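Reviewing the structure listed below.
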Amino acid sequence: MIGDENELIEHRLGKLNALRAMGLDPFAIERYDRTDMAGEILADSEGYGEKEVSIAGRIVSLRPMGKAAFAHVVDSSGRIQIYIKSDTVGPDVYKLIELMDIGDIVGVRGTVGKTRTGETTVFVSGFQILAKSLRPLPFGKQKGEQEWYGLEDVDTRYRQRYADLIVNPEVMEVMQKRSLIIRAIRQFLDAEGFIEVETPVLQAVAGGAAARPFTTHFNALDHDFHLRISLELYLKRLIVGGFEKVYEMSRVFRNEGLSTRHNPEFTLMELYQAYTDLEGMMDLVERLFGHICQTLYGGLTLTFQGQTIDFTPPWPRIPLLEGIEKYSGVKPEEFATVESAKSAGERLGLPMEKENSIGGIVDKIHEKFLQPKLIQPTFITEFPVDISPLAKKDPANPSMTRRFEPYIVGQECGNAFSEINDPLDQRDRFVQQAKMRASGDDEAHPMDEDFLRALEYGMPPTGGLGVGIDRMVMLFTDAPSIRDVILFPQMKPETK
RNA sequence: GGGUCGUUAGCUCAGUUGGCAGAGCAGCUGACUCUUAAUCAGCGGGCCGAAGGUUCGAGUCCUUCACGACCCA
């Protein structure tokens with residue numbers, strides 16, 4: 001979009017043309033061999049002696065002073081000062097300083113030393129501009145006493161994440177941590193003997209969660225497909241097929257709104273383990289979160305938004321209705337019928353007009369009264385059957401299921417259950433869901449005959465777990481918004 | 001979906017009861033061979049988110065729209 005060029009861009013184009021006229025077209029350069037990274041030099045500034053180093057990176061500050069100049073160069077390892085003196089590089093090379101801008105990519109040769117004030121600096125013997133920055137970086141805020149900030153406008157930050165990354169280095173740090181977390185999850189699961197698989201993103205029936213899917217048309221098959229909303233039903237097909245410990249960590253898509261905790265495409269990790277149950281999954285969750293915390297912070301505690309969170313097992317296990325009674329006063333018996341549950345909800349001041357299922361009301365009261373109290377890691381267990389169409393019923397109380405959700409800092413961090421492996425029960429649940437769908441609940445679970453056929457071949461007793469990776473990364477990076485942990489969050493397209 | 005707030009220079013923001021469009025930073029010109037996002041002197045830079053309306057006159061008031069933030073559903 002260099003059509004909207006202004007004076008600033010005009011000047012930089014002029015400098016580019018001057019470089020080209022001198023036979024120094026930066027964009028003709030294909031390669032620059034580096035001997036060292038900025039971070040390595042800063043870490044061992046005494047160890048370089050007279051050795052010549054070559055570094056490359058982006059100019060982020062420039063202080064020319066007549067016939068000498070200071071600048072800072074940033075590469076992926078850090079930021080180092082360079083000092084260029086006309087006497088050293090010769091007047092012809094020094095002239096290039098006039099054609100250099102903050103934002104340019106440069107290659108620098110020189111020796112390592114310290115300036116009078118003690119800052120480790122590369123004393124330049126030669127340099128070249130490797131790429132010209134034509135568009136000024138969104139630097140330049142002064143606030144109070146000489147404090148500097150980069151880009152703040154969140155709209156621009158998300159739409160131009162490339163500029164955000166240059167100007168706000170903490171974004172890069174969060175994304176590096178995200179990579180460490182994902183690696184730690186894979187290490188943990190590999191060590192536990194899990195096999196990572198890939199299942200279809202395009203699905204004729206999008207099930208495994210209560211959410212609206214995105215729909216797309218498959219031209220060759222002349223059929224509408226959905227983008228998956230979960231990984232569950234294909235992974236359980238694999239358990240039927242003989243995999244005993246299997247997982248997938250990948251993107252799923254839900255056609256819903258955006259918020260500080262929701263992005264319509266997000267990363268989900270689901271795992272399934274044959275011959276174990278809910279309690280086996282709780283044990284695994286405790287160890288998984290503990291492993292990640294150890295890897296990142298060397299212990300079992302971290303700070304999130306000022307609160308200290310302790311992952312030391314065992315985490316408390318609280319049945320959902322017990323927790324609701326404790327924090328809202330509503331007794332479990334009140335959830336016996338939709339009518340009594342509704343009046344309990346109304347008593348608490350919650351809008352109940354649209355509610356027509358016990359599970360929905362339980363969920364709403366939970367969200368408002370119990371969930372915000374669950375700061376330290378806690379397992380909430382025993383969810384109503386009508387909002388848990390894939391979880392085994394509790395033999396002691398068939399209106400509830402053998403399901404749990406872990407909560408940390410008031411946020412749901414996962415979902416797990418003893419999986420239904422009775423194809424007859426599963427069919428009944430799907431039929432129930434179909435009725436809910438028919439009465440207007442478009443997030444009710446769709447019928448999936450192929451999945452039922454798989455269960456009919458026989459699936460071992462199985463424990464399953466799903467964890468939203470983006471929310472997990474928020475927790476481990478102290479990020480208040482999901483957009484802080486997603487490089488390119490979903491936005492409405494620009495209209496210009 | 002509802003409410004509140006926001007959108008002015010590259011960035012961050014002022015702009016009074018409606019009366020010439022402002023600041024800091026960065027940019028440009030000049031000076032300066034150890035600076036700390038230097039310093040000194042000078043100079044440019046605007047479709048005030050878009051469209052309509054009220055008015056002699058709108059950045060400012062009204063309406064609609066677009067995009068965003070926060071809260072609620």
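Proteins get letters first, then strands, A, B, ... in listed order; numbering begins at 1 in each. None of the values given here were measured: they were computed from a predicted structure. For the numbers below, each heavy atom of this structure counts, side chains included, while hydrogens, waters and symmetry mates do not.
- By the neighbour-count criterion of 12 heavy atoms within 6.0 Å, atom NZ of Lys373(A) is densely surrounded, having more than that number from other residues, nucleotides or ligands.
- The separation between Asn263(A) atom CG and G68(B) atom P is 13 Å, rounded to whole Å.
- In this structure, Arg157(A) reaches neither bases nor backbone, as no heavy-atom distance under 4.0 Å exists between it and the strands shown.
- Checking Arg228(A) against Ser250(A) by side-chain atom types alone, a donor-acceptor pair falls below 3.5 Å.
- A51(B) and U60(B) have their P atoms separated by 13 Å, with the value rounded to a whole Å.
- Contacts between residues 118-128 of chain A and RNA chain B, defined by a heavy-atom separation below 4.0 Å, involve Glu119(A), Phe123(A), listed by number.
- Listed by residue number, Pro64(A), Met65(A), Gly66(A), Lys67(A), Ala68(A), Phe70(A) are the residues of residues 64-75 of chain A with a heavy-atom contact under 4.0 Å to RNA chain B.
- The pair Arg347(A)-Glu334(A) meets the salt-bridge criterion, since a charged nitrogen lies less than 4.0 angstrom from a carboxylate oxygen.
- Side-chain atoms of Arg116(A) lie closest to C34(B) of the nucleotides U33(B), G68(B), C34(B).
- Between Val60(A) and Gln490(A), the residue whose closest nucleotide on RNA chain B is further toward the 5' end is Val60(A).
- Spacing between atom NE2 of His11(A) and atom P of G44(B) amounts to 13 Å, rounded to whole angstrom units.
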Derivation of the side-chain contact (heavy atoms from CB on, under 4.5 Å) call for Glu270(A) and Ser230(A): CA-CA 8 Å; Glu270(A) 287 195 30; Ser230(A) 89; 3.6 Å; yes
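- Comparing A37(B) with U12(B), their C1' atoms sit 15 Å apart, to the nearest whole Å.
- For residues 21-71 of chain A, the ring-ring contact (aromatic ring centres under 6.0 Å, His included) pairs, not counting sequence neighbours, are Phe70(A)-Tyr83(A).
- For Glu367(A), the salt bridge (Lys or Arg N to Asp or Glu O under 4.0 Å) criterion is met by no residue, not counting sequence neighbours.
- Across all strands shown, Thr156(A) has no heavy atoms under 4.0 Å from either base or sugar-phosphate atoms.
- Comparing the C1' positions of A41(B) and C47(B) gives an interatomic distance of 34 Å, to the nearest angstrom.
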For RNA chain B, please output the secondary structure as dot-bracket, reading 5' to 3'. Pairs are Watson-Crick or G-U wobble, both atom distances under 3.5 Å; mark crossing pairs with [ ], other-strand partners with |, unpaired with a dot. (((((((..((((.....[..)))).(((((.......))))).....(((((..]....)))))))))))).
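- Between the side chain of Asp153(A) and the main chain of Thr156(A), a donor-acceptor pair closer than 3.5 Å is present.
- Each of Arg212(A), Arg254(A), Gln203(A) was evaluated against Ile229(A); a single residue qualifies, Arg254(A), per the side chain to side chain contact (heavy atoms under 4.5 Å, CB included) test.
- The environment of CE in Met172(A) is sparse: at most 12 heavy-atom neighbours from other residues, nucleotides or ligands sit within 6.0 Å.
- Nucleotides G42(B) and G52(B) are separated by 44 Å at their C1' atoms, to the nearest Å.
- Of the possible polar contacts, one joining the Gln433(A) side chain to the Asp386(A) backbone as a donor-acceptor pair under 3.5 Å is found.
- For Leu8(A), taking side-chain heavy atoms from C-beta onward, the closest of the listed nucleotides A37(B), C28(B), G10(B) is G10(B).
- Atom pair Asp155(A):CG and U12(B):P shows a separation of 11 Å (rounding to whole Å applied).
- Contacts of Thr115(A) with the nucleic acid, taken as non-hydrogen atoms under 4.0 Å apart, include base atoms.
- Counting any heavy atom pair closer than 4.0 Å across all strands shown, Lys492(A) reaches sugar-phosphate atoms only and no base atom.
- Among pairs with a residue in residues 323-368 of chain A, those fulfilling ring-ring contact (aromatic ring centres under 6.0 Å, His included) read His366(A)-Tyr407(A), at least two apart in sequence or across chains.
- Comparing U54(B) with C11(B), their P atoms are spaced 34 Å from each other, to the whole Å.
- When the P atom of G10(B) is taken as reference, atom CD1 of Ile9(A) falls 9 Å away, rounded to whole Å.
- Atom CG in Leu137(A) sits roughly 19 Å away from atom P in C25(B) (whole-Å rounding).
- In this structure, Arg159(A) reaches the G68(B) phosphate: one of its side-chain N or O atoms is under 4.0 Å from OP1 or OP2.
- In this structure, the CD1 atom of Ile102(A) is 19 Å from the P atom of U35(B), given to the nearest Å.
- A salt bridge between Lys132(A) and Asp104(A) is present, with a side-chain N of the basic residue lying under 4.0 Å from a carboxylate O of the acidic one.
- RNA chain B is contacted by both Arg63(A) and Ser86(A); Ser86(A) maps to the nucleotide lying nearer its 5′ end (nearest heavy atom per residue).
- Rounding to whole angstrom units, NE2 of residue His262(A) and C1' of C72(B) are separated by 14 Å.
- Side-chain proximity of Tyr83(A) to the nucleotides C34(B), A38(B), A69(B) is greatest for C34(B).
- Only the C1' atoms considered, G44(B) is 15 Å distant from A21(B), to the nearest whole Å.
- The side chain to side chain donor-acceptor pair (under 3.5 Å) with Ser388(A) is formed by just one residue from the set Glu382(A), Arg403(A), Arg429(A); it is Arg403(A).
- Annotation for Lys114(A): atom NZ counts as buried by contact number, over 12 foreign heavy atoms lying within 6.0 Å.
- Using atom C1' as the reference point in both G6(B) and G15(B), the two lie 16 Å apart (nearest Å).
- Closest approach to the Val154(A) side chain among G10(B), G68(B), A73(B) is made by G68(B) (side chain taken as heavy atoms from C-beta onward).
- Comparing A66(B) with G24(B), their C1' atoms sit 30 Å apart, to the nearest whole Å.
- Atom-to-atom, CG of Asp153(A) to P of A9(B) comes out at 11 Å; the value is rounded to the nearest Å.
- Looking at heavy-atom distances under 4.0 Å, Lys15(A) makes contact with sugar-phosphate atoms alone, never a base.
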